[in-house]
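To start, the structure under review is shown below, and the notes come after it.
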2 protein chains.
Amino acid sequence: MRPPTIRDVAERAGVSKSLVSLVLRGSDQVRPEKREAVLRAARELGYRPNAAARSLSEQRTRTVGVLLNDLRNPWFVELLDGLNSLLHAGGLQTLLADARLNRRTGQDPADPLLDLRVDGLVVVGTLPGPAALGAVAERMPVVLAGAREPVPPGVDQVAGDDEQGARLVTEHLIGLGHRRIAHLAGYGAVGELRRRSFEATMRAHGLADRAVVETGDMTEEGGYRATVRLLSRPDRPTAVFAVNDITCVGALSAAEELGLRVPHDVSVVGYDNTSISRLRHLWLTTVDNAGHEVGRRAARFLLDRFERPGGEGRVHLAAPTLEIRGTTARPF
Amino acid sequence: MRPPTIRDVAERAGVSKSLVSLVLRGSDQVRPEKREAVLRAARELGYRPNAAARSLSEQRTRTVGVLLNDLRNPWFVELLDGLNSLLHAGGLQTLLADARLNRRTGQDPADPLLDLRVDGLVVVGTLPGPAALGAVAERMPVVLAGAREPVPPGVDQVAGDDEQGARLVTEHLIGLGHRRIAHLAGYGAVGELRRRSFEATMRAHGLADRAVVETGDMTEEGGYRATVRLLSRPDRPTAVFAVNDITCVGALSAAEELGLRVPHDVSVVGYDNTSISRLRHLWLTTVDNAGHEVGRRAARFLLDRFERPGGEGRVHLAAPTLEIRGTTARPF
DNA sequence: GACAGGTTCTGGAACGGTCCAAAAAGGGGC
DNA sequence: GCCCCTTTTTGGACCGTTCCAGAACCTGTC
């Protein structure tokens, strides 16, 4: 009653197990009638290869582990899509693990993937334990996707170009005629990069002294509170650039509650082009992070390293695009 | 340079591989000093057990496959959380596979999980190919979670109680004083159940002739259009119960665009308690599906079947709760 | 000091594949 | 029909574990 093995197939087809193995791996060194017999037997028995046995013998799993940092953030879905398309073409499976779900259990979230001996690892989002990753990278290709962090040697990195994205936003606002522009900053490497680029762009346009930065916590609540502070100032900004969409939604609520109309009285911009920003009720102007391209590039890096292991860690920044929707307009 | 095996550990500790195996599986039939030596050797070598070898030998993987139907719908995250907490306590790993991502590749999305010989399968959301599932269910425990569908024999089923949820909403609205109530219906088993229950509840309160049903497509756009139609009627309803949150957001936009204030002029209710409904800018009254409880119960069913395989498929409906927020009030 | 009975430890056979060296079969040419 | 060469097929070792039967080692008793 156990699943059929290659030996069951061999017996039914009247050949040796080695020949079955040969056929199933697509060898052309097999006479057509035998091949047919084997394939028929396999079909009739409903044979499925045992991945464990195969990877034990082959010393590889043809599987790439994807370590997600938090399933609740849906921005990675496009990334996965891009990643999968290329990896699958290369004959590789992907296996998902959610760091957040496994963290509470105390162990390193990558452990299950490592025990499975995945051939490579894609870490999506912020790193779990950077130290542990270094040891892993010595054993298999590792790519960090969708985040900008200091990374152990030999680890590739792919992410959206936050500097360019923040510049696109800032120049869009300046181009519309805004001068007094606020930024709701976030934390971490990403928050840092976006803020810096906002400030640099303002400076480049001679608006350094009109730039305001309020620090939030990348939540709706934080965006709301920071915006209330901002818009209550006597010299209130005419535009607010939020570090992400969710913060931007908070800003939107604040503006509305203060009786300001968006985008008539104040423009707001988000970042990430999440599904929230696409709700017609919000319709946020935002930045698309080119998640698909990030995923594809991560796959490319991984495949490259399978062919030529070792070498320096590379970095690729995907070009983001501005999604102009309903929350930005000329001032007044 | 290959990862250390149990034999490397044995050699370093000066014992046999069998003893190492014994120690690592936590046997108490081992003298403390040997145990110490083995553990030290394992630690020093950075030994990690090879999951493939282990599952080949043990004939089980201690792993449960979770087949997600679409990663883009975040409603399953809580379910996973509940599932994981119990499974992990039972010494089981979970492995995620996204049906939508793998579908394009042509093969059955469950295949990778089956090749890995997972010990059980949780299908989250709508079924992939119901036929294929039947064959799978003969080999391993299968639970369908978070969806209501006809299911092959021997498959357990856990989901939120849609009838009860729809009744909670309808009675909440009636209790507030609403009489002319509309329902924006969806499709599929879930859409059907919610609509039926809405109608039944209205009937039970003698309001059968005040109930209106518009059919949407479970998207924001569909909700928007259906609501425009509804609210332009001369006898416009004072409350709208949408089949899900996203449809409800569409309804909100429509109301706003028609110059109606929510909840003053019209109440709206969603379903699913998604993160969208919690945005303070929307703050939808909605129904929480008890995802955590659904996940826990699915794990329970699975664990039961590991202990006593076979038997009829069971069904459990988790009790939903009403989340009253800002979009419902007394009429006028 | 031999023996019984328990505790600890070990070698070897699985598990289900892949891969390799060698065996068997086939095909010409004489 | 025999020999040689190529194509096709096969048995067996191996991958890293677990598990089992039995070996080796204690400890206490007579």
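These numbers come from a predicted model, not from an experiment. Each chain gets a letter, A, B and so on, in the order the sequences are listed, and its residues count up from 1.
Listed here is the closest heavy atom pair of R305(B) and R314(B): NH2-N, 4.4 Å. Of all heavy-atom pairs spanning A189(B) and R148(B), the tightest one is CB-O, 2.7 Å. Here the closest non-hydrogen pair linking Q157(A) and F301(A) is O-CE1, 3.7 Å.
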Discussion item. R300(A) vs D304(A), test: salt bridge (charged side-chain N to carboxylate O under 4.0 Å, His left out). Steps then yes/no.
Written reply: CA-CA 6 Å; R300(A) 188 74 267 149; D304(A) 282 357; 3.7 Å; yes

Worksheet entry | Residues D111(B), R48(A); criterion salt bridge (charged side-chain N to carboxylate O under 4.0 Å, His left out); working and verdict | CA-CA 9 Å; D111(B) 279 357; R48(A) 312 238 66 220; 3.5 Å; yes

Give me, pair by pair, the N or O atoms of the protein and of nucleotides 14-16 of chain D that are less than 3.5 Å apart, along with how far apart they are.
residue : atom : partner : partner atom : Å
dC15(D) : O2   : S57(A)  : N            : 3.4
dG16(D) : N2   : A53(B)  : O            : 3.4

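For the atom pair OG1 (T63(A)) and CG (L95(A)), the distance works out to 6.0 Å, reported to the nearest 0.5 Å.
The side-chain heavy atoms of Y47(A) and V20(A), taken from C-beta on, include no pair separated by under 4.5 Å.
In this entry the distance linking CZ of R60(B) with P of dG16(C) reads 16 Å, nearest Å. Rounded to an integer number of Å, the gap from CG of L24(A) to P of dG17(C) is 9 Å.
When the options D119(A), L302(A), V118(A) are evaluated for a side chain to side chain contact (heavy atoms under 4.5 Å, CB included) with M140(A), the one that passes is V118(A).
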Worksheet item: With the sugar-phosphate defined as primed atoms, P, OP1 and OP2, and the base as all remaining atoms, what B/S/- string results for nucleotides 4-12 of chain C, 5' to 3', for protein heavy atoms under 4.0 Å?
Response: ----BSBBB

